[in-house]
Structure formats: C-alpha cells, structure tokens
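Okay, so here's the structure we're looking at.
Just so you know, these numbers come straight off a predicted model, no measurement behind them. Naming convention: chains lettered A, B, ... in sequence-line order (proteins, then strands); numbering from 1 in each chain.
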2 protein chains.
Amino acid sequence: MARTPPTKPRKNALQARSRATVDALLEATARILVREGFEKTSTNRIAEVAGVSVGSLYQYFPSKEALVAAVIERHNEEIMGIVRAALVEVADLPIDKAVRKLVTVAIEAHRVNPKLHRVLAEQIPRTGQLADVEAFNREVHTLVRSYLESRRKEMRKVDLDVATFICVSAIEAVAHNTVLNGAEMLSEKVVKVLVDETTRLVVGYLR
Amino acid sequence: MARTPPTKPRKNALQARSRATVDALLEATARILVREGFEKTSTNRIAEVAGVSVGSLYQYFPSKEALVAAVIERHNEEIMGIVRAALVEVADLPIDKAVRKLVTVAIEAHRVNPKLHRVLAEQIPRTGQLADVEAFNREVHTLVRSYLESRRKEMRKVDLDVATFICVSAIEAVAHNTVLNGAEMLSEKVVKVLVDETTRLVVGYLR
DNA sequence: ATATAATGCGAGCATTCGCTCGCTTTTCCT
DNA sequence: AGGAAAAGCGAGCGAATGCTCGCATTATAT
C-alpha cells in the first residue's frame, strides 16, 4: 500500500557543494511554485531552474512530493518561529495588549510570502503533509490555550478549548483573507484599522 | 416558411438522454474528486465512472477544467441558495437573533458536502474560477452589509465594510474549521456550543 | 599520487493524460 | 417507413512527466 511517495531525503548532504545543491533545489521549487504554479512544477523544470541535473535532484529527494514537502516544512518552521516568539513576548501582558500583538503578528506572518503561503495551502493535502499541518495547528492551539489559562481571572467563564478555537479561527481568518484580498497593496492605515477591529472582536469575546 | 402544426409542445434543444449524460459526468467528477483526489481525476476515469465514453464527454465539456468548473459552479449555487434564503428570512430580526441564524446556516452549509467543499476550494485557482468565487464572496459581503445597514441603530459606530469583512471572515472560519476538524462526528451539543459562542463573538463585536 | 567515496550528469524509458476523429446507434419528425 | 439530426463510442495519437541508470567529475583520505 505504498500510496504516497516517500518524503524523506535520500541521503544527507555532507559536503558544502551538496548542501548548496539541496538549497538551490528548494529555492527553485519555491520559486516555480510561486511564479509558474504547481502545474508547471516538474522535476525536470526544478532541476533546470536550480542549475542542477535531474539525476542530482533524485539523489537528495526521492520524489517530487518530497521536494514540495521540504518547502512546506521550511515555510511552516518560519511561521511557527514568529508565532512562538510572539507568544513568549506576550506571556506577561494583559489580554488586550496580548491580543493586539498576536493579531499584528498573525497578519505579518501571512505577509512574509503570501503567494507561497497560498500555493502551499493548496498543495498540502496532496503531499501527505496533513499530519504535519495538524501538528502545527495543535501547537498553536496549545500555546494560545495556556496563555489564556494564565489570564483566566481577566476572563468570563468559558470552556478554554472552545474559546481558543474561536479566537484562533477568527484571527487566522482575518489575517488570511486580508492578505489574499489586498495582496501587497495594503496601506499601513488599513492594517491598523483591521488590527484594531480584530482586537476588539476577540477581547470583547473573552470577557 | 411552413408553419409547424401546434399539436405538440416544442422539444428542448437537449434530449433527455444527453441531459442524463451531462448529469452523470458531473456526478462522476464530484465523486472522483472526493474519493480519489484531483490527481486521479482524469477525463478517462471520469468517463469510465460516469458510464460514458470519452468522446461523449468532450461533446459537452471542452476540457477537464470545464468539468471541474461546472462542479464548482453547481456547488456554489447550492450554497448561495442557502445563504440567500437565510438572509431573507433574517431581514427583520434583531441582530442577536439574526447572527445566531446566520452562524447556524453557515455551519449547515459547510456540512452539506464537506469533502467536496474542501477539494473544490483547493482546485479553484487551477480552474481559473477565481473570478466566480470572488463574485460569490462579493455577493455575500453585499447582502450581509445591507442587513447590517438596516440595523445600524442597534450597533456602535463602525465602518460598515470593515465590520462586514470581520464578521463574515469570523463566521466562515469557525464553520470551515469546525467541519474540517470534526468531520461528520459532530454531536448536536457541540454544534450548539459553537453556535452560541460564535454568536456571542459577533454580536459582542457589533455593539 | 593513488584510491575511494561523494557528487553530478542527462539521454531516454515507461507511463499517463488530455483530447480527436471516423464511425455506429438512438431519437425525432414527417 | 425513412431520412436527418442528435448522441454516443473508443482506439489511439502526441505531448508531457516522473524517474532510472551508467558514466563523468570532484573531493577526501592515505
């Protein structure tokens, strides 16, 4: 039942040259995904753009899916880094300040590479990365939940899991839709209004 | 120009048989998208599952994308019907009652065919249906906005477009995530809690 | 310097896929 | 009944894709 192609690296890159090759391949994959779409993202094309031969590509990635999976992981790790840092920074702040910061960060995180974010979101189910993305969501949920728990005295009585689910969904949706709609032409003023309003939405809900 | 005897009603351009063929093709496409994924959704396979030949398929749909697009349109129309009806029904209700109804309907609409909804959402960019989906979003936005406008006296002072954007995003996200996470195993009790909480979120925000 | 391992190459195989075209069968209309 | 139009058929073409394999080049160790 080997329904999904293997996604683990075929071998580890040891020497500097091979590490550069791997990097070029990942870079090329992300670039093609964004600029030409998933359809045009063939292994031959990736190798061509990376300035590497197909043979070399297959020395490091056992399948096309493995390549996409690696790009997804890299991107997720980048975003998770931002989110984790924000939650640490926010740990001792009262709810209103904390929510404002988290909303701001959510929008920023989506703005890092909106087009890649979008393409990846579309391709995730097909690369067998569902498990990883669920882990990602669970981590966010856990972190936010534990913050809310520490601030329970400022809140009304609610089921913490439900409240976390509602808040994370709402914030994520505003960030996501904002970036999708406005693309890159988001004035700072508009962003500020959205942050204000989303903060109000969430803070008003929590207490 | 001989006159046609008025003894019989005019026949439709499409005969019953061909309408059945088109239907079978759409049904098969949706079915394969859900059960086997986009990768396996080939025109040959669609024809096979529909019990129709590839040649016949191409008599009605000029390309694979056209088929997927037709499925998307059908699905969107179904959902828009539900949403429109709900907004009519809600037009004379106060905000708290109206929001509750809309949240309920949003979750219901997502539950109609969650897996198809998901696959289609992923494939939209690929089928060049982005414009149609944006039209869909715009209609929802317009309808919700005009409801809010009619109830402005119950609300605090807000930019209507921003408020609409925030509310629609939040409600849609909760519905979407609820269905994605819980799949089909959603007890009525859990749904009720989520409706209550989301209603509180949105109503609290609006006033 | 030599041997061994690591890395890189790219033509081409096997397969899949979207789609066409010449033909047959069914339905409609007098 | 008979002819025309509508609907249906499916083998197969051409293009594209993922991937392999035998060989060439470069780095490392002795």
Side-chain angles (χ1 to χ4, degrees), chain A residues 2-26 28-29 32-33 36-71 123 126-128, chain B residues 1-29 32-33 36-71 123 126-128:
Chain A
R3 275 215 120 331
T4 46
T7 51
K8 285 186 179 177
R10 193 163 268 183
K11 63 181 170 189
N12 291 335
L14 298 176
Q15 306 179 357
R17 185 169 52 135
S18 67
R19 249 178 283 120
T21 299
V22 168
D23 240 48
L25 286 169
L26 290 179
T29 304
I32 296 172
L33 279 173
E36 311 185 27
F38 186 82
E39 308 271 67
K40 294 287 170 194
T41 306
S42 68
T43 50
N44 289 325
R45 181 98 183 92
I46 292 172
E48 179 191 333
V49 170
V52 156
S53 79
V54 227
S56 299
L57 183 157
Y58 279 95
Q59 297 222 333
Y60 300 103
F61 299 94
S63 71
K64 181 188 174 181
E65 280 71 22
L67 223 17
V68 177
V71 172
Q123 301 312 326
R126 245 165 312 170
T127 50
Chain B
M1 288 230 198
R3 257 209 152 283
T4 321
T7 46
K8 285 182 183 178
R10 255 232 137 266
K11 262 296 170 189
N12 291 344
L14 283 180
Q15 303 179 357
R17 186 169 53 136
S18 69
R19 249 180 283 121
T21 298
V22 169
D23 238 50
L25 286 169
L26 290 178
E27 214 55 60
T29 305
I32 296 172
L33 279 172
E36 311 184 28
F38 187 86
E39 307 271 70
K40 295 286 171 194
T41 307
S42 66
T43 50
N44 288 324
R45 182 98 182 91
I46 291 172
E48 180 191 332
V49 169
V52 155
S53 79
V54 228
S56 298
L57 184 157
Y58 278 94
Q59 295 217 335
Y60 301 103
F61 300 94
S63 71
K64 181 187 174 181
E65 280 72 23
L67 259 170
V68 178
V71 173
Q123 298 314 327
R126 221 177 260 213
T127 52

Heavy-atom closest pair, residues A/I46 and A/I32: CA-CD1, 3.7 Å

Give the rounded distance in Å between these two atoms: CZ of B/R19 and C1' of D/dA6. 13 Å

Non-neighbouring partners of B/A69 that pass side chain to side chain contact (heavy atoms under 4.5 Å, CB included), sequence neighbours left out: B/Q129

Residues at least two apart in sequence or cross-chain that pass side chain to side chain contact (heavy atoms under 4.5 Å, CB included) with B/A20, listed by chain then number, are none

Base contacts versus sugar-phosphate-only contacts with protein, heavy atoms under 4.0 Å: please encode nucleotides 21-27 of chain C as B, S and - from 5' to 3'. -----SS

What salt bridge (Lys or Arg N to Asp or Glu O under 4.0 Å) pairs are there with at least one residue in residues 44-59 of chain B, not counting sequence neighbours? B/E36-B/R45, B/R45-B/E48

So if I take every side-chain heavy atom of A/S53 and compare against C/dG10, C/dT7, D/dA7, which nucleotide ends up nearest? C/dG10

Give every residue pair that meets the salt bridge (Lys or Arg N to Asp or Glu O under 4.0 Å) criterion with at least one member in residues 50-62 of chain B, sequence neighbours excluded. none

DNA chain D-proximal residues of residues 42-51 of chain A, any heavy atom under 4.0 Å: A/S42, A/T43, A/N44

Whole angstrom value for the distance that separates C1' of D/dA7 from CG of B/L25: 12 Å

Just checking B/F61: base, sugar-phosphate only, or nothing, at a heavy-atom cut-off of under 4.0 Å? nothing

Mind checking side chain to side chain contact (heavy atoms under 4.5 Å, CB included) for B/N44 and listing every partner two or more places apart, or none if nothing turns up? B/S42, B/V54

Gap between atoms CG and P, on B/L67 and C/dC17 respectively (whole Å): 15 Å

How many whole angstroms separate atom OH of B/Y60 from atom P of D/dA6? 11 Å

Roughly how many Å is it from CZ in B/F38 to C1' in C/dC17, rounded to a whole number? 12 Å

Applying side chain to side chain contact (heavy atoms under 4.5 Å, CB included), can you list everything that pairs with B/S53, at least two apart in sequence or on another chain? B/S56

Just N and O in the side chain of A/S18: are any of them under 4.0 Å from OP1 or OP2 of C/dA6? no

Rounded distance (Å) that lies between atom P of D/dT17 and atom CD1 of A/I32: 11 Å

Holding to side chain to side chain donor-acceptor pair (under 3.5 Å), I want the full list of residues that pass it with B/E27, two or more places apart in sequence or in another chain. B/R74

Would you check, one step at a time, whether the test side chain to side chain contact (heavy atoms under 4.5 Å, CB included) holds for A/V49 with A/T29? CA-CA 8 Å; A/V49 170; A/T29 304; over 6 Å; no

Starting at atom CG of B/L57, determine the distance to atom P of D/dA7, rounded to an integer number of angstrom. 15 Å

How close or far is atom C1' of C/dC17 from atom CD of B/E65, stated in whole angstroms? 12 Å

Please confirm whether the shortest side-chain N or O distance from A/T21 to OP1 or OP2 of C/dG8 is below 4.0 Å. yes

